[in-house]
Each structure stands twice: as C-alpha cells, then as structure tokens.
Amino acid sequence: MQNIKLQGLIAAPFTPFHQDGELNLQLIPEYYSFLKKNGVTGAFICGSTGEGVSLTLDEKMKVAAAWADACKSDTHFKVMTLLGGTCLADCKVLAKHASEIGLYGVSFTAPSYFKPATVEVLAEMCAEIAAVVPDMPFYYYHIPVLTGANHNMIDLLEAVDGKIPNFAGIKYTHEDFMDFLSCMSFKNNKYDMLWGRDENILSALVLDAKGAVGSTFNYLAPLYNQLIEAFEQNDLKTAVALQQKSIDFIRLLGKYGGIATGKAYMKMIGLDCGEFRLPVRNMDAAAFVQFKTDVENLDFQAFKSKASLTTDVHR
C-alpha cells in the first residue's frame, strides 16, 4: 500500500438527523457537494463531531455507505471513517465494511472505559484492527481530552513503526506542540500528521503541517483557506488576524453549550443537520435567536461557507 499525505482542509461532518432523531441520509450528497464547493478536500466521518459514539453499528455503516456513494467518482475527495474505540470486534466489522464500500481510510481511537495502560497496549490494538484492512490507510485518532488516553504520540509511532505496514499517520487533536513536532520529524517525516485543533491551526502551519481535520471547516472553510493562503504568502499579519477571527467564532461554541452549537451554525448556512442526540444538549429557540445575533456581529457573511444548491459539482 502506498501511503500519501493528505493536504488542505478535511471536514469532520455532522451526522444529519431528521426531527425525529433518525438518520437523514438523503442530505449527504448535498453535504458532499457543499464541502467540495467550499474547497474542502475530504471528510472524517463518524468522529466526535459526527457523533460516532452515539450511533449504532448499523447506523455507522449506513452513514459510511452514503458518503461512499456520494463521492464514488471523485478520487480527489478522501473520506475516512472513525471505527470507534470501545469494542475491537465492532471496529473490525466496520473496517471491513469501509474497505468493501470503497472509502479511502479508517481511523481508531483509544477506548474511554477500559483504557490502554501503556502505549504498547495501544499499539497492539491498532495492529489487530489494521491487519483486517491491510490495503487501507489506518490512522490513529489522538483526542485525550475525550478518551483520557494521554500517551505521547511519538511513543506510539516508535511502537508501531515497521510493525503495522498500513499505519498512515495520526489525527492529532491535542495541544502538545512538542509531541506533534516530534511526530512530524520522526523517520524523516514518514507519517501523515493531521492537525485537529482549528483554533490554533496557524501554529501547526508554522511546524509545516499540510493537512488538518476540523469541525468548523464545515461552515468556515473560506476563512481557513484565506488563512492558509496568507501564511503561504508570508503575510503573517493577515494570517494572525484570521486565526483570531476563527477563535472568535469558536468561542461561541462554548458560550452556547459546546459541540451542538456547530449544528446551529449549519442551520445558518442553510444545511439543516437536525439536532445532537443525548447526552449532548441542544440550544433552545430563544438561545438560537441570540446566537444568530452574536454570529452576525462577527461578520459571518464574509467568512462563511456558501450553501450548495446542486449536487452537480465539477470533479
């Protein structure tokens, strides 16, 4: 298997639901077109933003199949799915399914209940799942704030190197830049390191990160593409200003209750993905009115992703 390094903005899509809480798979082709139109290069589905932990095994398969079908003729748009992390047997089933339907890659994160005590145990788990799909890129998803598995990722790379042929890299959602740079530099930049913190993507670009996975790329892709362009043109003043603007938008997530606020942003751009499932709380109607005011006060219209009115996208 030939590993490639992903570049650009990879969105972490919301899983769309109807008002009754059931999957709204019919929205996914439009969702794909919308991301493509806004310069997004791929999708990391069924992750934290996609509520993978709140989906049944069957639902995860249906979501994955819908994404695979939506972009089946687009070889440039890379879709990988998070397999989960609690039950290895389920992860293997989902990995095989992802391979069968033609997704680009799969990802695994540490269990959050029975946690791996050592990085060696974590590496063993990765190896067991990756072996099921030897021809697919396998990524580890590092998000210790949710999993509690706070191992250094440089230690994981050392543990898996040469032992898991299809280990492609790490989706790194943490703030340890020392560890991240060590991973970037390991074996002459051997592994694909995808940055996962939208609020400090500029700092990752300074370390030569080329690809990033984020939830706010769903609705603010133009802002981040402008930020990347400014950085590449050595216009650091503009890049810093745009990073601060992204932080201003991200602060509203905390103000209005957290991750579910992202779906409120999606409603504002005309792509209604429904609500989050419990235990995540959704904002009420009164809060949404105030939220819209706060968003527009940040000049959202100048930075937001543009809604797609058609699924006919040039590929």
Side-chain angles (χ1 to χ4, degrees), residues 6 8-52 54-56 58-82 97-98 101-105 198 212-225 249 253 259-277 280 282-283 288 291-292 295 300-315:
L6 303 179
L9 305 180
I10 301 164
F14 301 92
T15 295
F17 296 119
H18 291 293
Q19 291 304 311
D20 62 0
E22 296 299 314
L23 293 177
N24 182 7
L25 301 177
Q26 294 79 11
L27 188 64
I28 288 177
E30 182 181 355
Y31 204 153
Y32 153 69
S33 295
F34 161 77
L35 293 177
K36 185 82 173 180
K37 175 183 178 181
N38 285 282
V40 172
T41 63
F44 185 92
I45 64 173
C46 297
S48 305
T49 304
E51 298 179 77
S54 298
L55 302 178
T56 67
D58 180 63
E59 286 176 327
K60 290 179 184 179
M61 289 183 176
K62 287 178 178 177
V63 170
W67 277 99
D69 186 62
C71 56
K72 60 186 175 184
S73 60
D74 186 353
T75 59
H76 300 290
F77 192 87
K78 308 298 186 185
V79 179
M80 74 172 77
T81 186
L82 180 64
H97 178 257
I101 62 178
L103 293 188
Y104 170 73
D198 309 7
V213 181
S215 63
T216 63
F217 303 163
N218 283 291
Y219 45 86
L220 288 169
L223 186 157
Y224 292 101
N225 279 321
F249 284 113
L253 298 178
I259 193 170
T261 308
K263 283 192 173 182
Y265 272 113
M266 297 301 284
K267 288 181 181 178
M268 289 191 64
I269 58 175
L271 204 66
D272 191 343
C273 296
E275 295 189 337
F276 267 71
R277 289 178 172 176
V280 177
N282 298 276
M283 68 175 69
F288 184 62
F291 168 75
K292 288 193 295 182
V295 172
F300 186 51
Q301 295 299 321
F303 299 104
K304 72 175 185 177
S305 299
K306 307 302 181 184
S308 177
L309 300 178
T310 175
T311 57
D312 182 17
V313 175
H314 177 66
R315 298 176 180 177

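Numbering of residues begins at 1 and proceeds along the displayed sequence.
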Which of F249, Y224, F34 passes ring-ring contact (aromatic ring centres under 6.0 Å, His included) with F217? It is Y224
Between [Y] and [X], is there a side-chain heavy-atom distance shorter than 4.5 Å?
X	Y	answer
K78	I10	no
H97	T81	no
P13	T49	no
T261	M283	yes
M268	F288	yes
N218	L35	yes
K306	N38	yes

Kindly state whether the ring of F77 and the ring of Y104 have centres lying under 6.0 angstrom apart.
-> no
What about Y265 and F300, are their ring centers closer than 6.0 Å?
-> yes
Work out which heavy atom in [X] is nearest to a heavy atom in [Y]; give both atom names and the distance.
X	Y	value
I269	S305	CG2-O, 3.7 Å
L6	M80	CD1-CE, 3.8 Å
Y31	C273	CE1-SG, 3.9 Å
A260	V280	CB-CG1, 3.7 Å
L9	A221	CD1-O, 3.7 Å

Looking at residues at least two apart in the chain, or sitting in another chain, which of them share a salt bridge (charged side-chain N to carboxylate O under 4.0 Å, His left out) with [X]?
X	value
E59	R277
K62	D58
K60	none

Residue list, side chain to side chain donor-acceptor pair (under 3.5 Å) with E275, at least two apart or on another chain = none
Mind checking ring pair (Phe, Tyr, Trp, His ring centres under 6.0 Å) for F276 and listing every partner two or more places apart, or none if nothing turns up?
-> none
Under 3.5 Å, side-chain donor or acceptor atoms of residues 17-28 against the rest of the protein: list the pairs with distances, not counting sequence neighbours.
{"residue": "D20", "atom": "OD1", "partner": "E22", "partner atom": "N", "Å": "3.0"}

Considering the options T75, D74, D69, which one meets the side-chain hydrogen bond (donor to acceptor under 3.5 Å, both in side chains) requirement together with K72?
-> D69
